[in-house]
Amino acid sequence: MTAKIKYDEVEVGTELPAASFPVTRATLVQYAGASGDFNPIHWNEKFAKEVGLPDVIAHGMFTMAEAIRVVTDWTGDPGAVVEYGVRFTKPVVVPNDDTGALIEVSGKVAAKLDDNKVRVDLTAISAGQKVLGMSRAVVRLA
């Protein structure tokens with residue numbers, strides 16, 4: 001696969017289409033099974049509260065993966081991502097109700113680099129708080 005976005009058609013400041021990703025307790029159980037991360041802070045409310053968390057929280061790597069979807073959906077090619085990193089700033093708290101939590105992600109092209117690459121800066125928010133800091137991806141465009 002190759003990116004569908006052309007480097008010459010992108011400018012610094014280009015905004016990527018924003019997206020929202022719902023997270024429920026069922027989502028966390030599914031992710032735990034797929035990742036092998038069965039830490040009880042991600043599924044056991046009693047345990048999470050005993051260790052000082054407000055409630056069960058989403059896996060950091062799950063949150064990171066949801067955020068990069070904004071970039072891969074934009075490029076049309078997950079393989080276009082050549083670098084990606086974040087800082088985990090706040091947890092995504094997932095209440096035990098029919099709604100769960102919502103991760104809202106936006107992104108914009110922050111720099112044009114050599115070799116048809118751009119740096120995309122992402123913003124990920126849940127419950128009004130920024131949950132990822134320094135969330136940046138380097139992407140090779142067509």
Please answer: with hydrophobic residues joined when any side-chain heavy atoms are less than 4.5 Å apart, are [X] and [Y] in the same cluster?
X    : Y   : result
V93  : L53 : yes
Y7   : L16 : yes
L113 : V82 : yes
V70  : V10 : yes
V120 : I68 : yes

Are any side-chain N or O atoms of [X] and backbone N or O atoms of [Y], one a donor and one an acceptor, separated by less than 3.5 Å?
X   : Y    : value
Y84 : M64  : yes
W43 : F38  : yes
T89 : K130 : yes

Test side-chain contact (heavy atoms from CB on, under 4.5 Å) applied to M61 and F88, step by step: CA-CA 9 Å; M61 296 302 285; F88 302 107; 4.2 Å; yes
Working to the nearest 0.5 angstrom, can you tell me the gap between [X] [atom1] and [Y] [atom2]?
X    : Y    : atom1 : atom2 : result
T24  : L102 : OG1   : CG    : 11.5 Å
H59  : I41  : NE2   : CD1   : 8.0 Å
R136 : E83  : CZ    : CD    : 11.0 Å
M134 : R87  : CE    : CZ    : 5.0 Å
N39  : F47  : CG    : CZ    : 6.5 Å

Minimum heavy-atom distance [X]-[Y], with the two atoms named:
X    : Y    : value
N96  : E45  : CB-OE1, 4.0 Å
A124 : I103 : CB-CG2, 4.4 Å
P78  : T72  : CA-CG2, 3.7 Å
A3   : A142 : O-CB, 3.3 Å
P91  : V131 : O-CG1, 4.0 Å
G107 : L122 : CA-CD2, 3.8 Å

With a 4.5 Å cut-off on side-chain heavy atoms, are [Y] and [X] touching?
X    : Y    : result
F62  : I57  : no
D55  : R25  : yes
D121 : T123 : no
F21  : T27  : no
H42  : D37  : yes
E11  : V109 : no

Please check if atom NZ in K90 has more than 12 non-hydrogen atoms from other residues, nucleotides or ligands closer than 6.0 Å. no
For a side-chain contact (heavy atoms from CB on, under 4.5 Å) check, start with the C-alpha distance between V23 and Y31, then their side-chain angles and the critical distance, and finish with the verdict. CA-CA 10 Å; V23 186; Y31 183 81; over 6 Å; no
CA sep, side-chain torsions, deciding dist, call: E66, L132, side-chain contact (heavy atoms from CB on, under 4.5 Å): CA-CA 11 Å; E66 292 293 72; L132 298 176; over 6 Å; no
For R140, run the side-chain hydrogen bond (donor to acceptor under 3.5 Å, both in side chains) check against D77, N116, T75, D115 and tell me which one passes. D115
